[in-house]
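Structure record follows, encoded as structure tokens.
Atom set for the values below is all heavy atoms of this structure, side chains included, hydrogens, waters and symmetry mates excluded.
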Amino acid sequence: MQFDLFNSKQDNSLMSIEELRALRLRKQKIESDKKARKYILEINQRYRKISAHKSNNFFKNINPFKKAA
């Protein structure tokens, strides 16, 4: 029996124990992948916010009349 990873409307009543176990493992893997992608997205958003703030401060702090050391 072939399963579609993203089709959750499959009939689960006539599955063997191995098939049920494999389906449960696939669902767990999909959920953990979703959590990992969400975590990475949050980290990237924080990094972009910090780096944008730093670059804005860099250009604000540039004084064209300051003598170079």
Side-chain angles (χ1 to χ4, degrees):
M1 183 182 271
Q2 183 67 29
F3 294 107
D4 184 9
L5 291 176
F6 301 106
N7 186 5
S8 63
K9 297 179 181 178
Q10 295 172 343
D11 184 19
N12 295 338
S13 62
L14 300 175
M15 300 173 79
S16 69
I17 293 172
E18 292 83 17
E19 290 171 336
L20 287 170
R21 190 173 292 141
L23 179 64
R24 182 176 53 84
L25 288 173
R26 277 194 296 273
K27 285 183 179 180
Q28 287 177 345
K29 184 176 182 337
I30 290 171
E31 288 301 315
S32 67
D33 289 347
K34 285 180 184 177
K35 288 178 185 177
R37 285 192 297 269
K38 182 179 177 183
Y39 178 70
I40 291 170
L41 176 68
E42 290 173 0
I43 290 173
N44 287 338
Q45 287 174 341
R46 279 186 271 153
Y47 176 77
R48 279 189 225 112
K49 183 178 176 182
I50 290 170
S51 63
H53 181 71
K54 283 183 179 179
S55 67
N56 288 342
N57 280 344
F58 174 76
F59 290 116
K60 286 179 183 176
N61 292 334
I62 291 178
N63 186 350
F65 303 108
K66 186 188 275 187
K67 197 171 195 180

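With a 4.5 Å cut-off on side-chain heavy atoms, R21 and I17 count as touching.
The distance from atom CZ of R46 to atom NZ of K49, rounded to the nearest 0.5 Å, is 10.5 Å. The structure places CD1 of I30 at 13.0 Å from NZ of K35, a figure rounded to the nearest 0.5 Å.
Residues that satisfy the side chain to side chain donor-acceptor pair (under 3.5 Å) test with D33, not counting sequence neighbours, are K29.
Annotation: L25, atom CG; neighbour count of heavy atoms from other residues, nucleotides and ligands within 6.0 Å is above 12.
When every heavy atom of L14 is checked against every heavy atom of E19, the shortest pair comes out as O-OE1, 4.4 Å.
Each of R26, K27, Q28 was evaluated against R24; a single residue qualifies, Q28, per the side chain to side chain contact (heavy atoms under 4.5 Å, CB included) test.
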